[in-house]
Amino acid sequence: MTETRIAAFEAKHDTALPDAYRQLLTHIAGSSVTPFYGLMALEQCSLPVMNSRGEPGTPRGFGDAGPGAHERDLFLHISEMGCTDVCILRVTGLLTGRILIGNSDGHWGPDVSSATDFLDWYERWLNQRNAGRDNRALELPSP
């Protein structure tokens, strides 16, 4: 993917993509095989925000970023998991660049990957597959 296309996306959404994710887009692929249903093309990605906190200890879902969304922490929805489950990349705020797995409706999660950034997460998944351990249980917080 060209820097021009990435810059256009960033300008349209008034945000900057984390460097590790940007490296994948510019040097490897604009969309590719990843855990779940694959990495979506950047133009198909949405920028949700985490829903407001409910009762302590309850799961939190994600909603569409609307007006004033940049006052809240943004995520990039990068991969479908089925139904309302999502794989998202933290774009702003604490833990920028980290992968989270959760449910848009807040039925479970979100779980934060222990991987330090997108490339670390992706490399772990590739190593798991290479070792023959492609298993749904390994795809969740830390593939």
Side-chain angles (χ1 to χ4, degrees), residues 1-3 5-55 57-66 68-143:
M1 179 174 279
T2 65
E3 281 289 338
R5 283 177 61 194
I6 295 170
F9 179 89
E10 290 175 329
K12 178 181 178 181
H13 297 286
D14 190 28
T15 194
L17 297 176
D19 186 58
Y21 180 68
R22 189 183 199 83
Q23 294 296 318
L24 175 97
L25 295 177
T26 58
H27 298 290
I28 299 172
S31 61
S32 66
V33 175
T34 58
F36 317 117
Y37 293 116
L39 188 65
M40 297 185 316
L42 183 59
E43 293 83 5
Q44 296 174 322
C45 295
S46 62
L47 285 164
V49 293
M50 189 176 287
N51 295 338
S52 299
R53 185 176 299 280
E55 293 294 318
T58 59
R60 294 172 69 181
F62 299 91
D64 291 330
H70 286 78
E71 297 170 8
R72 298 173 62 190
D73 294 332
L74 293 175
F75 300 84
L76 184 68
H77 181 187
I78 61 170
S79 183
E80 291 289 341
M81 295 175 58
C83 297
T84 57
D85 294 346
V86 294
C87 175
I88 55 178
L89 175 67
R90 186 74 182 249
V91 177
T92 63
L94 185 65
L95 302 176
T96 293
R98 301 281 291 274
I99 295 289
L100 285 83
I101 307 298
N103 180 274
S104 293
D105 296 331
H107 295 301
W108 63 274
D111 295 318
V112 180
S113 172
S114 61
T116 58
D117 62 27
F118 178 82
L119 289 176
D120 183 30
W121 178 81
Y122 190 64
E123 184 176 15
R124 284 185 193 183
W125 178 73
L126 289 172
N127 289 338
Q128 294 283 342
R129 285 192 54 115
N130 190 43
R133 294 183 302 213
D134 184 24
N135 163 323
R136 292 293 294 172
L138 295 172
E139 291 178 357
L140 292 174
S142 185

Show your working on side chain to side chain contact (heavy atoms under 4.5 Å, CB included) between Phe62 and Ser46 and close with a plain yes or no. CA-CA 11 Å; Phe62 299 91; Ser46 62; over 6 Å; no
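Between the Asn51 side chain and the Gly63 main chain, a donor and an acceptor come within less than 3.5 Å of each other. Using a distance-only test at 3.5 Å, with no hydrogens or angles considered, a donor-acceptor pair links the side chain of Glu10 to the main chain of Leu17.
In this structure, Thr15 OG1 and Leu74 CG are separated by 5.5 Å, a value rounded to the nearest 0.5 Å. Distance CG/Leu47 to OG1/Thr92: 9.0 Å, rounded to 0.5 Å. Rounding to the nearest 0.5 Å places OG1 of Thr116 at 11.5 Å from CG of Leu95. In this structure, Cys83 SG and Asn103 CG are separated by 8.5 Å, a value rounded to the nearest 0.5 Å. In this structure, OG1 in Thr96 is found 6.0 Å from CZ in Arg90, a value given to the nearest 0.5 Å. Taking CG of Leu24 as the start and CG of Asp19 as the end, the distance is 11.5 Å to the nearest 0.5 Å.
Trp108 and Gly102 get closest at one heavy-atom pair: CZ2-O, 3.6 Å. Counting all heavy atoms, side chain and backbone alike, Val91 lies closest to Phe75 at CG2-C, 3.8 Å. When all heavy atoms are compared, the tightest approach of Ile101 to Cys87 is CD1-SG, 3.6 Å. Of all heavy-atom pairs spanning Tyr21 and Leu76, the tightest one is CE2-CD2, 3.5 Å. Across all non-hydrogen atoms, the minimal contact from Ser104 to Val86 is OG-CG1, 3.3 Å. Residues Cys45 and Ile78 share a closest heavy-atom pair of SG-CA, 4.2 Å.
Scored by the side chain to side chain donor-acceptor pair (under 3.5 Å) test, Asp117 finds no partners at all (sequence neighbours excluded). Under the side-chain contact (heavy atoms from CB on, under 4.5 Å) criterion, Glu43 pairs with Met1, Arg5, Ala41, not counting sequence neighbours. Partners of Arg98 according to the side chain to side chain donor-acceptor pair (under 3.5 Å) rule, which considers only residues two or more places apart in sequence or in another chain, do not exist here.
By the 30° and 60° cut-offs, the orientation of the rings of Phe118 relative to Tyr122 is parallel.
Put simply, the side chain of Leu42 reaches to within 4.5 Å of the side chain of Ile6, judged on heavy atoms.
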